[in-house]
Amino acid sequence: MDLSEKMLSAGRGALFLTALSAVSQLLGFGYRVILSRLVGAEVMGLYQLVTPVYSVLISLTAVGVTSAASNLTSQHLALGNRRAADQTLNTCLKFFLLALLPVGTVVVLASDPISVHLLGDARTQLGLILLVPCVALTGVENLHKHFFYGSGLVRPPATVELLEQFVRTLAVISLLLLFLPQYPERVVGLIVTGMVICEVFSSCTLVILYRRKMGRSTLTGPGEPGPIRRRRVAAIALPVGLNSLLGNLLAAANNTLIPQKLVEGGADRSAAISQFGVVCGMTMPMLSLPIVFLGALNLVLVPRLARARALNRPGEARRLVSQAISAVSLLTLPCMALMVVVGPDLGRAMFHQEGVGEYLLPLAAVMAMSCGCSVLAASLNGLERQRAVAAISLLGGLVQLAFTLALVPLSGVGMAGYVAGAVVSTALELALFLWQIVRTTGLKLRPFLWLTAPGLSALLAALTGSLLFRHLKAGGLSPVSAGLGTLLFSLLLYLAALQAQGVKVRETLRLDW
């Protein structure tokens, strides 16, 4: 049977991915809670300094070719050309390895000056060196994973990704329990070593599954000439990779500058690292906890739009984008509104840190807008508008960097300057992404369904939930029990408010799109 005949519908694929993503997200959040308790806010801050370097390395080597693998695989299989799909993956692997060799060599040889002069803390050097094998394995894993997603076979990579979370949690926590206490540099190295172990598992598993699914005897179709194939891969990989690289370079610059600028404003170095770790290593991950559907939606949406484009179906593309925006709004806005209500107590209970809820309201708005940016950027990538995505993301990153440089060093401002920059830059990106989508597809704006109805319903649920939460706690219930009761009541109120405004939730979130 042809692979294209075995493809799941987008709705069923998204449902399956969302279910696994929910479990994976909960496991990942639990892992971060345990990790933060074991190592403390200062080591979490050091780890947050290393993480953007990992993202930059992935951008330089893998992001572009993984996008090309997903996009072109979907197009080839839509036309019945399995051989060309296999050839595309092999070409993407070669591009990745050719890019990784010089980049990884530079990172290893220059790890000392990078850690001291770029990241501003010599204690990140060991983690930087260990990132290179981690990136190599991650690239191989992601290429095979996106081949499966592009072909519509979501179960193998999604299951492996869930198992990867278990392996990472077990590996990192086991290493820390075995070797703690250690110097902070070695603790960061232990965390990255655990990441390497889990990437060995996931990359090997996906390679084996790919070989079983794509045996040579099943490769039908004429294939694609090498020069044409390489040009098509490069045409997608270069703008996507450049976009990701520039965005991650700006994020790395922000993450590096924030502790330095806090110190310029009068904070102690250790306190600056801890404050940075609380906001970026605890608050933001906590806010991302309810957004379990977004990655699944984007992974299904991109190849679906690429297929619609290959078959010249603009009406289908507009319908997919519109419904994706509606789904994100209906699911994201109430999640962020309710996190503002229960977030401070949740943060204290999980992380044992009072500062987790300090910037919760503006950061929740940032997270909601980021979800909109994510689905719009994915839609533009599926429609081969990668250059527009790159330009908008670069502009947003520059705005954020400007706020960090100008406001964070000011006495009495500090991290509030970073948060203000996040609000302004994300709002700007959202507006520009939406403009590009309308311009590209001819999509008609639906402000009532996308914003007004879910926004008002979420506001009502949050305000009522806040009163109920305080009343339940005052009545003697624990924060956990009060929070669960508040969430259940607020959810029912949100759905009722939507129905009162004439929004058909089931139709908007139907699984046959």
Side-chain angles (χ1 to χ4, degrees), residues 52-76 84-107 131-132 134-151 157 199 203 206 210 224 226-252 295 298-299 301-303 305-306 309-310 373-397 429 433 436:
V53 179
Y54 173 79
S55 300
V56 168
L57 294 178
I58 289 292
S59 301
L60 275 169
T61 58
V63 168
V65 288
T66 55
S67 179
S70 175
N71 199 316
L72 294 177
T73 292
S74 178
Q75 294 183 32
H76 288 313
D86 179 70
Q87 291 172 337
T88 296
L89 179 62
N90 290 330
T91 299
C92 290
L93 281 168
K94 292 175 183 177
F95 280 7
F96 164 68
L97 294 174
L98 286 173
L100 178 64
L101 183 60
V103 172
T105 302
V106 169
V107 171
L131 281 181
V132 176
C134 187
V135 169
L137 294 165
T138 302
V140 174
E141 172 206 349
N142 285 347
L143 281 167
H144 288 84
K145 181 188 297 182
H146 281 76
F147 175 89
F148 279 110
Y149 286 134
S151 64
E199 293 299 336
S203 59
L206 283 168
Y210 171 78
E224 189 174 49
I228 296 176
R229 182 171 65 252
R230 288 187 287 272
R231 283 199 300 269
R232 294 190 70 193
V233 169
I236 296 175
L238 289 178
V240 171
L242 180 61
N243 170 37
S244 179
L245 174 61
L246 292 174
N248 283 312
L249 281 174
L250 289 171
N298 288 344
L299 285 170
L301 181 62
V302 172
L305 285 170
R309 187 178 185 278
C373 289
S374 178
V375 73
L376 291 172
S379 300
L380 289 169
N381 282 330
L383 297 169
E384 297 193 5
R385 296 283 296 169
Q386 291 88 359
R387 292 183 180 179
V389 174
I392 294 170
S393 299
L394 175 60
L395 178 61
E429 289 183 33
F433 278 135
Q436 278 292 329

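In this structure, E429 and G396 approach most closely via the heavy-atom pair OE2-CA, 3.2 Å. The minimum heavy-atom distance linking A68 with V233 is given by the pair CB-O, 3.9 Å. Considering every non-hydrogen atom in both P102 and A99, the closest pair reads CD-O, 3.4 Å. Closest approach of V135 and Y54 over heavy atoms only: CG2-CD1, 3.8 Å. Between T88 and R229, the shortest heavy-atom contact is N-CD, 3.7 Å. Closest of all the heavy-atom pairs between L305 and S379 is CD1-CA, 3.4 Å.
Side chains of I228 and R231 form a contact here, defined as non-hydrogen atoms less than 4.5 Å apart. At a threshold of 4.5 Å between non-hydrogen side-chain atoms, the residues P157 and Y210 do not count as touching. You'll find the side chain of L89 stays beyond 4.5 Å of the side chain of H146, heavy atoms only. Side chains of V107 and L131 form no contact here, defined as non-hydrogen atoms less than 4.5 Å apart. The closest side-chain heavy-atom distance from L60 to V56 is below 4.5 Å. Side-chain contact check for L206 versus F148: some heavy-atom pair is nearer than 4.5 Å.
Distance check: D86 CG to T91 OG1 gives 9.5 Å after rounding to the nearest 0.5 Å. Separating the CD1 atom in I58 from the CG atom in N142 is a distance of 6.0 Å, to the nearest 0.5 Å. With rounding to the nearest 0.5 Å, the separation of CZ in F95 from CG in L238 is 8.5 Å. Here T61 contributes atom OG1 and L101 contributes atom CG; the two are 11.5 Å apart, rounded to the nearest 0.5 Å. Between the CZ atom of F433 and the OG atom of S374 there is a distance of 9.0 Å, given to the nearest 0.5 Å. Going from atom CD1 of I236 over to atom SG of C92 covers 8.5 Å, rounded to the nearest 0.5 Å.
The salt bridge (Lys or Arg N to Asp or Glu O under 4.0 Å) test applied to R385 returns no partner, not counting sequence neighbours. Residues passing the side-chain contact (heavy atoms from CB on, under 4.5 Å) test with S55 are N248, sequence neighbours excluded.
Applying the side chain to side chain donor-acceptor pair (under 3.5 Å) rule to pairs touching residues 97-107 yields nothing, sequence neighbours excluded.
Within the 3.5 Å criterion, the main-chain N or O of S67 finds no donor-acceptor partner in the side chain of S70.
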